[in-house]
Amino acid sequence: MASQSVLTPQSQDFPRWYQDVVAKAEMADNGPVRGTMVIRPYGYAIWERMQYEMDVRIKKTGAKNAYFPLFIPESYFAREAEHVEGFSPELAVVTYAGGEELAEPIVVRPTSETVVGEFMAKWIQSYRDLPLLLNQWANVVRWELRPRLFLRSSEFLWQEGHTAHESLDDASAYARRIHYEVYNDFMVNVLACPSYIGIKPASERFPGAINSMTGEAVMRDGKALQMMTTHELGQNFARAFDIYYQSEAGQAELCFTTSWGASTRLVGGLIMAHGDDNGLVVPPRLAPIQVVVVAVRDDAEVNEACERVAASLGDAGVRVEVDRGRGSFGRRVTDWEIKGVPIRIEVGPRDLAQGLVTLVRRDNAEKTTLGLGALVSEVPLALESIQTNLLARAIAHRDERTRDVDSVADAIDAAKDGFARLAWDLVAGEGETTLNAQAVSVRCLQRQDGSMPSSEDEGGLICLVAKSY
RNA sequence: CGGGCUGUAGCGCAGCUUGGUAGCGCGCUGCGUUCGGGACGCAGAGGUCCCGGGUUCAAAUCCCGGCAGCCCGACCA
C-alpha cells in the first residue's frame, strides 16, 4: 500500500537505504568538518530516550553521574602502554592555544580512563571509599577515517562508566551486573534488539583491558553491530595512576577498575535492527512519539477531536503528538512512517460521525477501527503488543541469520549474509587471520549454552563471527 | 590512510567531450480548489556552478592544488 519510491529499498542498496532513512526521518546531517555529525531534534529525542532508560538502570546499580574535562594532558596517555598504543592513531591533539604553542600537548578525550584514574587516586584513601562508582555522559573524539552517521563519527556522544573496587571478584561481578542489568536489559526490553552477549577475543579487546564484554546485534543486512561494551581493567590503570586504598589490615592495596560505555551508535543500531523499506520502526518503549494523531483533513471539528484524543492519551501516560491536517493526508502518513512512530491514529469526519477512529500499527501495517471511548484502554495494549512483536521478530531474524558451521571456510561463506557460529578452537590463532583477510571478524566468544565465559582460557568455547559495522 | 566514483538551487540530476555568463524534476512561498495512502491549477522566490590558483578576450566547462561526500579495504563505540 505504501509508496515505494521514497526510500531506496533495503534489498537494492542497504547503505543507501540507511542514509535515506537518516536524512528523510530528519535524524542527522553531516557536520562541516569531515566525520562530524549534527543530530537533529528527532534523532536527538531518540537519543534522549536512550539516555533516560540507561541512566535509570545505571543509577540502580549505585553509580553516580559526574563530569570530567574534555581536555586531557597527553602525558596521561603515556602511562598505560597498551592504552596509548591503541588510541594514538585516533587522537585529536591540541598543540596551539591562547595564541601560542603549548608546552605540553592536550589530547581531546577519546575516552576518560586516564583522567578518571588520576582523580580516583586522589579520592580513594581507604577500603571504606570503595567501591567508587562513577558515570559520565559526554562527547568524545576519535579521529575516524571512514565516518558514517551515528555508526562511526569523529565526535560522538556516549556514557562512560568508571569504577574502582577492592578485589578482582568485586570488579568482575559489578562489570557483569552492568552488562546484564543495564545494557542487556535495555537492549532486550526497550530497544527490542537481542544481542549476542559474550567476551571479546584478545585481538578485539579494549586497549588496557584484561577482559572486554560485548553485545553484538544482528542488523537487517546480517552484519554485526557492537551495541555496548564493558571492560574489566584489572589493575592496569590502577597501577598506572596509583589508585591505592588502605585495606582493613592497614596495607596499601591496588584497586581493580572497570569501564563501560554505550554511544549514539545505538541510534544507528536502532535504524538497522528494525527499519524496513518504509523507514524507521521505533519500539514503543523507546519511541519519543508513541502515537501520532493524524487529522485526515484540516477541519476545525476534526482538529478539535484530535486534540481531545491526544489529551486523553497524554493523561494516560502515552507520548503523543497531533498532526493537524495541513497538507495532503498521504504525504503526512508517509512522513510519520519514515519516522517510525509505532501507532498512528487517523481521525476523519467519516469515522468521527460514528464516534470512531482508525488505529494503524507501524510494525505490521494492521488497521483497526475503534470507538473513541476505547482508545485509552486499547492504545497501551497495542503499544505493548508492538513491543513484543518487534522483539520476537528481531529474535527470529537473529536466529535465521546465524548458521552453525564446522570450518573457517564455511564461516566465511556464512558471513556473506549473517553470523556463523563455530568452535573457538577452529578459529583461535591462524583462523582469525584467515577470517580477517576476508573482512570477517570474531564478534564474541560464548560457552556452548550461549552464556558468557569468565575468560578466553575456558575450554570448549564457541565463537560468533561476522562482518561488522 | 590506500583504491574507485562524485561535487551545479533545500534534495535528485542535466549541461562539461566541442569555453560564450545556467536548466529540469521534486521541495519551498502566495492564492484557490483539495485532503480516508506521497493531490492539482495559477503566480513566484531561490544558484559564490565545493574552495583556491592558473590558461583565456571569456571558465560550471580546460589545467594544477586543496576540501567534502559515497562505495570497497585496513582501524574502531
Side-chain angles (χ1 to χ4, degrees), chain A residues 1-8 13-16 18-20 23-24 26 29-36 85-91 110-111 139-160 183 200 203-207 212 214-217 224-231 259-269 278-279 294-299 302-303 323-338 344-353 356-358 360 365 367 369 436-441 467-469:
Chain A
M1 290 273 274
S3 162
Q4 297 300 307
S5 59
V6 184
L7 304 168
T8 306
D13 185 343
F14 195 83
R16 184 68 184 268
Y18 177 84
Q19 290 172 56
D20 284 355
K24 300 215 163 131
E26 301 179 323
D29 250 326
N30 282 305
V33 172
R34 181 182 166 77
T36 61
E85 193 191 329
F87 277 108
S88 51
E90 301 177 80
L91 291 183
T111 179
N139 59 337
V140 285
V141 169
R142 298 181 184 180
W143 216 250
E144 283 297 340
L145 304 173
R146 192 183 160 194
R148 311 184 88 211
L149 288 171
F150 290 115
L151 300 174
R152 202 186 297 107
S153 50
S154 287
E155 179 192 5
F156 58 88
L157 306 181
W158 75 346
Q159 71 49 229
E160 48 175 322
Y183 294 143
K200 285 290 187 187
S203 58
E204 305 275 337
R205 225 177 256 157
F206 178 77
S212 289
T214 181
E216 301 284 329
L225 185 70
Q226 180 172 347
M227 305 295 269
M228 68 277 190
T229 181
T230 305
H231 311 294
S259 67
W260 26 281
S263 73
T264 39
R265 170 178 277 187
L266 286 169
V267 179
N278 294 323
V294 179
V296 162
R297 60 173 63 193
D298 192 6
D299 170 284
V302 170
N303 280 327
D323 178 358
R324 299 171 70 92
R326 301 258 163 99
S328 83
F329 175 75
R331 174 53 188 265
R332 289 180 288 127
V333 158
T334 308
D335 285 345
W336 289 114
E337 279 177 351
I338 292 173
R344 178 172 76 249
I345 295 175
E346 300 175 359
V347 180
R350 208 168 64 203
D351 285 345
L352 215 49
L356 301 173
V357 292
T358 301
V360 189
K367 289 191 183 187
T369 305
N436 290 347
Q438 300 297 313
V440 178
S441 58
K467 295 195 176 189
S468 72
Y469 280 98

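Treat the numbers as computed from the prediction; the structure is a model and nothing was measured. Computation of the quantities below employed the complete heavy-atom set of this structure, encompassing side-chain atoms and omitting hydrogens, waters and symmetry-equivalent molecules. All chains are named by letter (A, B, ...) in the order of the sequence lines, taking the proteins before the strands, and each is independently numbered beginning at 1.
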Stepwise side chain to side chain contact (heavy atoms under 4.5 Å, CB included) check, A:Asn436 with A:Ser441: CA-CA 6 Å; A:Asn436 290 347; A:Ser441 58; 4.0 Å; yes
Partner nucleotide, any strand, of B:C70 [Watson-Crick/G-U, under 3.5 Å]: B:G4
Atom-to-atom span, CZ of A:Arg344 to P of B:G36 - whole angstrom: 12 Å
B:G44 versus B:G3 - spacing of their C1' atoms, nearest Å: 47 Å
So which protein nitrogen or oxygen atoms get under 3.5 Å of nucleotides 7-11 of chain B's nitrogens or oxygens?
none

No-hydrogen, no-angle side-chain donor-acceptor test under 3.5 Å, A:Thr369 and A:Asp351: no
Heavy-atom neighbours of A:Arg148 CZ exceed 12 at 6.0 Å: yes
Any side-chain donor near an acceptor of the partner, A:His231 and A:Ser259, under 3.5 Å: no
Under 3.5 Å on both distances, the Watson-Crick or G-U partner of B:C42: B:G30
Parallel, tilted or perpendicular, as decided by the 30° and 60° cut-offs, for the rings of A:Tyr183 and A:Trp260: perpendicular
Per-nucleotide protein contact string for nucleotides 71-77 of chain B (B base, S sugar-phosphate only, - none; heavy atom under 4.0 Å): SBBB-BB
Base partner of B:C11, which must satisfy Watson-Crick or wobble distances under 3.5 Å: B:G25
Span that lies between the P atom of B:A22 and that of B:G41, in whole angstrom: 28 Å
Strand partner of B:C49, provided both Watson-Crick or wobble distances fall under 3.5 Å: none
Proximity of A:Phe87 and A:Phe206 rings by center, below 6.0 Å: yes
Between C1' of B:G69 and CG of A:Asp29, the distance in whole Å: 12 Å
Same-atom distance (C1') from B:G25 to B:C67, integer angstrom: 29 Å
Heavy-atom closest contact (A:Phe150 atom, A:Thr264 atom, distance): CD2-O, 3.6 Å
Atom C1', compared across B:G52 and B:A68: separation rounded to whole Å: 15 Å
SB check A:Glu144 A:Arg142 (cutoff 4.0 Å): no
Side chains of A:Thr8 and A:Asp20, donor plus acceptor under 3.5 Å: yes
Distance-only polar pair, side chains of A:Glu155 and A:Asn139, donor-acceptor under 3.5 Å: yes
C1' spacing across the pair B:C75 / B:U17, given as an integer number of angstrom: 41 Å
Closest heavy-atom pair and its distance - A:Pro349, A:Arg297: CG-NE, 3.9 Å
Watson-Crick/G-U partner (both atom distances under 3.5 Å) of B:U55: none
Sugar-phosphate, base or nothing in reach of A:Gly269, heavy atoms under 4.0 Å: nothing
Base of B:G37 paired with side chain of A:Lys367 (donor-acceptor, under 3.5 Å): yes
Side-chain donor or acceptor of A:Gln159 paired with backbone N/O of A:Ala262 under 3.5 Å: yes
Sugar-phosphate, base or nothing in reach of A:Thr111, heavy atoms under 4.0 Å: nothing
C1' gap between B:A9 and B:C5, integer Å: 24 Å
Euclidean distance for P, B:U56 against B:C63 (whole angstrom): 16 Å
B:G10 and B:U48, which share atom name P, separated by this distance in whole Å: 9 Å
Salt-bridge present (A:Lys200, A:Glu216; N to O < 4.0 Å): yes
Might you list the N or O atoms of the protein lying below 3.5 Å from N or O atoms in nucleotides 26-35 of chain B, with each pair's distance?
from, atom 1, to, atom 2, distance (Å)
B:C35, O2', A:Val296, O, 2.5
B:C35, O2, A:Gly327, O, 3.1

